[in-house]
Each structure stands twice: as C-alpha cells, then as structure tokens.
Amino acid sequence: MLTGSIYGWEIGKDDIFDPLSHRNRDDCLEPMRFMKGLGRQYGVALHTSDVNERNRVNPDFSLYVESINFVPCAAKKNYLILYETPLTVPRNSDYSYLNQFDSIFTWNKELLQSGLHDGFGKHITSDRFVQIQYPNPIPKECGDNFQSLAFYQRPDLICLIGSNRHANLADTRELYSERVKAIKWFEAHALNDFKLYGNGWKVPQKRFGSAGKMRYRLEKILPWILGKPVFPSYQGSARTKYEVLSKTKFCVCFENARDIDGYITEKIFDCFFAGCVPIYWGDANIGLSIPSNCFIDFRQFSSYEDLYQYVKALTSKQFSDYQQAAKNFLLSDQFAPFTSQNFANIVIHKIKQDFSLT
C-alpha cells in the first residue's frame, strides 16, 4: 500500500475527507473524498500528515493543498495543488517555493505552456506542471437534469456572494475592490433590488498595505459612532450558496482577479447549478471554456447603470434562454473537466504513473 500525506489542512485528523466537517460548506470537500476513494482502488492510502505522524507512518509522497510552508521529509515525491492566483497567494508564483515540488497541479495556462522563470536564468520546465480545473461539486438539490426555478418563482433580482477581503499584491487585475464598487453602486441606486451575502461585511472594505490598513481603521469610526451598517444590503452569511442563488435571478459573479488565463473558479458554476444567471468578469477567454450564451459578460457594459437597465428589462423568455444554455453546458462533455471526478482522476493518475502502479 502506497501512503500519502496531505498538508494544508490545519484541522488535521483526516477532517478534509469528512462530509460532516464544519469546513465542508457547499460540499467543497467532495473532490478530496473522491481522491481518497479512487486512490484506495489503486492501493493508495491518503491521510492528513498528522494522522500518518501519529501512526508513525513514513509517507511515500506528500500532497500540498495550496502553498503553505514546506515540511522537509523522506517522501519520494512531493506534489502541490494550486487553486488561487499569485494576487491572493503570492507564493503561487515564487520560484524557490515551487521548485521544491516534483509536480504541480494547476489551471494556470501560462505555467502549463511556458513553465516558470525566476528572472535570473533559472527555470521550472512546463512538464512539471499538470493541468487541472477548479473542481465543482454538484449540489444534491440539482437532480439529474439540473431543473431549477423559473423567472417568476425567484423573488430577488440581484445578489453578490463573497467575503470582504483584499488582494495580497498590488496589481490592477484584482477584482476584490471592484466587487465593493458594485455593492456600493447598487446600494446607492437600487438597494431594494440587491442583496449582499458572505463573511466580513459588518466592517468597511478590507484594503491592502499599511496605508490601506490605516484607511480601513479610519473608515470604521463613523459607522460605529452613527450606529449604521457599513453595507446596508448585507444579509449575513449564506447557509448555502444554492439556497440564495435559487431564489435570485442574477448574481454579480466576479473572480478574485481578471485576465489570468485559465482562472475559472466555482463562482460561475454555483450560479449555473441553481439556475441563476451570472454576471461574469474574470478569465478574458471564458468563452473558450463556457459558451457565452450561458452568462452575462460584464465587460459588455460601460457602467453599472447600463447593466442594471439591461437585467431589469430582460423578459422571462430571455432569462429562460440563459438557463437552458447553462443546463445544456452542464449536461455536455464541456463541463466534464470542471467536475470533482475529473480532478481526482488527474491527481491519482499522476501518482499512479510516478510510482508505476497498475
């Protein structure tokens, strides 16, 4: 039996495989359960690193979930899964860090095509990067056909689901601040048609850098004195994203960053699953992966006012057309690369290949 240690899950105790974990919101841990189950079929045992340490098992390989501090060990192979962009996790483009791994699973097309150069002549070749897509568990409420509520069955017009965070690099491609611009526009001009969900919105916009942190502290003072909410559209955290999206017609669906080739996260798929039409901004080439008739492309509008007038004027038939296009996509082979099953297959196949398992 081949044994692997998973790093990057601070709770440990194999919690990353537990469907009842309090961290398993929207069944986000499904890909890990698929990976563990598929590995077992081929004689691969996966545990969080603390479990192997407690049982005095020396792992054959390590698997890091996102970039955390590297723990030197006697493992024959070291693997890394990259989920986020360097704007959120700067280490994800750090040559010295990434060079510690034998293989790196990523959606990043630049790394997949050209590898990574450090600027001083050193190079991690592209063959050490393995293509994956961000995995998307399908909510049990979807059923086999992805049936969802119609236009007139959805009481809410527009929502945004996200956490109040900031990028960790100064880069014009970040969209954390653009989400806040969207929130503030709708609160100022269409408060009754907009609802905000997520974590951290009882305080002002989080900002990057020392000047940003100082501004954040100052902006906290006036709402506290006046006893008014910072974001009046805030509804609290969503129990599940499906619950919110299934009662909403449109969702402001901005990635954490734009124009990074291959960066497509769960946000647009969460909308598709619930029959909510996403207003998308992120991967500039999104149309190569997802048909453009499935979503509203935010880049097509010159202002939030134009966007608002567009969604307000959409008919039930036009809304249904968006839903049908998304449903057709989910039922097609085009969606397969974005599933939990495909994610698990790629990771376990690479491990099998490296250790010559049959």
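No hydrogens, no waters, no symmetry mates; every other heavy atom, side chains included, goes into these values.
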ILVMFWY cluster, L116 and I104 together (side-chain gap under 4.5 Å): yes
Test side chain to side chain contact (heavy atoms under 4.5 Å, CB included) on D171 and T85; report intermediate values, then the result. CA-CA 11 Å; D171 193 303; T85 75; over 6 Å; no
hydrophobic_cluster_shared for V277 and L196, side chain cutoff 4.5 Å: yes
Test item: side-chain donor near acceptor, Q341 and N345, under 3.5 Å: no
Quiz question: by atom type and distance under 3.5 Å, do the side chains of N92 and E66 form a donor-acceptor pair? yes
Verify, without hydrogens or angle tests, whether Y216 (side chain) and F208 (backbone) share a donor-acceptor contact under 3.5 angstrom. no
Determine whether a donor-acceptor pair (N or O, by modelled atom type, separation under 3.5 Å) exists between the side chain of Q133 and the backbone of P337. no
Take L169 and E174 through the test side chain to side chain contact (heavy atoms under 4.5 Å, CB included) and record every step on the way to the result. CA-CA 9 Å; L169 288 177; E174 66 85 16; over 6 Å; no
Hey, is CD on E110 packed in by over 12 heavy atoms from elsewhere, all under 6.0 Å? no
Are I81 and F343 packed together at the side-chain level, in the sense that at least one heavy-atom pair is separated by less than 4.5 angstrom? yes
Flag yes if more than 12 heavy atoms outside Y42 fall under 6.0 Å of its OH atom; otherwise flag no. no
Between W107 and Y263, how do the two ring planes meet: parallel, tilted or perpendicular, split at 30° and 60°? tilted
With a 4.5 Å heavy-atom cut-off, do I16 and R23 have their side chains touching? no
Counting only heavy atoms not in D306 (residues, nucleotides, ligands), do more than 12 fall under 6.0 Å from its CG? yes
Is a side-chain N or O of W281 found less than 3.5 angstrom from the main chain of V252, in a donor-acceptor match? no
Are any of the side-chain heavy atoms of Y64 and V71 separated by less than 4.5 Å? yes
Spacing of OG belonging to S67 relative to CZ belonging to F101, to within rounding of 0.5 Å: 6.5 Å
For a salt bridge (Lys or Arg N to Asp or Glu O under 4.0 Å) with R33, tell me which candidate from D27, D15, D18 qualifies. D27
Shared hydrophobic cluster, M1 / I351 (ILVMFWY, side-chain heavy atoms < 4.5 Å): no
For N55, look at atom CG and say whether over 12 heavy atoms of other residues, nucleotides or ligands are found less than 6.0 Å away. yes
Find out whether F355 and V44 are in side-chain contact, i.e. whether some heavy atom of one side chain is under 4.5 Å from a heavy atom of the other. no
Quick one: is the NZ or CZ of R179 closer than 6.0 Å to the six-membered ring centre of Y176, and within 45° of its axis? yes
Side-chain donor or acceptor of T48 paired with backbone N/O of D14 under 3.5 Å: yes
Where V244 and A238 come nearest, the two heavy atoms and their spacing: CG2-CB, 3.6 Å
Examine distances only and state if a side-chain atom of N136 and a backbone atom of Y134 form a donor-acceptor pair shorter than 3.5 Å. yes
Side chains of Y280 and I290 in contact at under 4.5 Å (non-hydrogen atoms): no
Closest non-hydrogen contact found for D94 with Y97 is OD1-N, 2.8 Å
Over 12 non-hydrogen atoms of neighbours within 6.0 angstrom of CG in D127: yes
Check against side chain to side chain contact (heavy atoms under 4.5 Å, CB included), D193 and F250: CA-CA 10 Å; D193 281 334; F250 306 96; over 6 Å; no
Please indicate whether K213 has more than 12 foreign heavy atoms, meaning atoms of other residues, nucleotides or ligands, lying under 6.0 Å from its NZ. yes
Heavy atoms of C294 and F329 approach each other most closely as SG-CB, 4.0 Å
Mark yes or no for whether Q323, through its side chain, and L149, through its backbone, hold a donor-acceptor pair below 3.5 Å. yes
Exactly one candidate in E243, R239, K241 meets side chain to side chain contact (heavy atoms under 4.5 Å, CB included) with D26; the answer is K241
Between I6 and F17, is a side chain to side chain contact (heavy atoms under 4.5 Å, CB included) present by the stated rule, with each step listed? CA-CA 11 Å; I6 291 185; F17 307 114; 3.5 Å; yes
Assess the pair F70 and Y7: is the distance between their ring centroids shorter than 6.0 Å? no
Any donor and acceptor pair, going by atom type alone, linking the side chain of K247 with main-chain N or O of P155 inside 3.5 Å? no
In the single-linkage hydrophobic clustering (I, L, V, M, F, W, Y; side-chain heavy atoms under 4.5 Å), do M214 and V203 co-cluster? no
Hey, could you give me the CD/CG distance between E84 and N256, rounded to the nearest 0.5 Å? 4.5 Å
Under 6.0 Å between ring centres: does that hold for F298 and Y304? yes
With rounding to the nearest 0.5 angstrom, report the CG to CD distance, N328 to Q324. 4.5 Å
If you compare all heavy atoms of T339 against all heavy atoms of A336, which two are closest, and at what distance to 0.1 Å? OG1-O, 2.8 Å
Salt bridge check: are R258 and E178 linked by an N-O gap of less than 4.0 Å? no
Between F151 and T315, is there a side-chain heavy-atom distance shorter than 4.5 Å? no
With a 3.5 Å distance limit and no angle check, can you tell me whether D156 reaches the backbone of T248 through a side-chain donor-acceptor pair? no
Nearest 0.5 angstrom please: I158 CD1 to Y308 OH, how far? 6.5 Å
With no hydrogens and no angle check, do the side chains of N199 and R165 hold a donor and an acceptor under 3.5 Å apart? no
F269 side chain reached by C253 side chain, heavy atoms, under 4.5 Å: no
N24 (side chain) donor-acceptor with L29 (main chain) under 3.5 angstrom: yes
Compare every heavy atom of G275 with every heavy atom of F319, then report the nearest pair and how far apart it is. CZ-O, 3.6 Å
Please report the interatomic distance CG(N342) to NE2(H349), rounded to the nearest 0.5 Å. 11.5 Å
When rounded to the nearest 0.5 angstrom, what is the spacing between OG1 in T106 and CD in Q131? 8.5 Å
Quick check: is L87 connected to Y83 through a chain of hydrophobic side chains (ILVMFWY, heavy atoms under 4.5 Å apart)? no
Are C159 and C251 side-chain neighbours, meaning at least one heavy-atom pair lies under 4.5 Å? yes
Would you name the heavy atoms of R207 and H166 that are closest together and state the gap between them? O-CD2, 3.3 Å
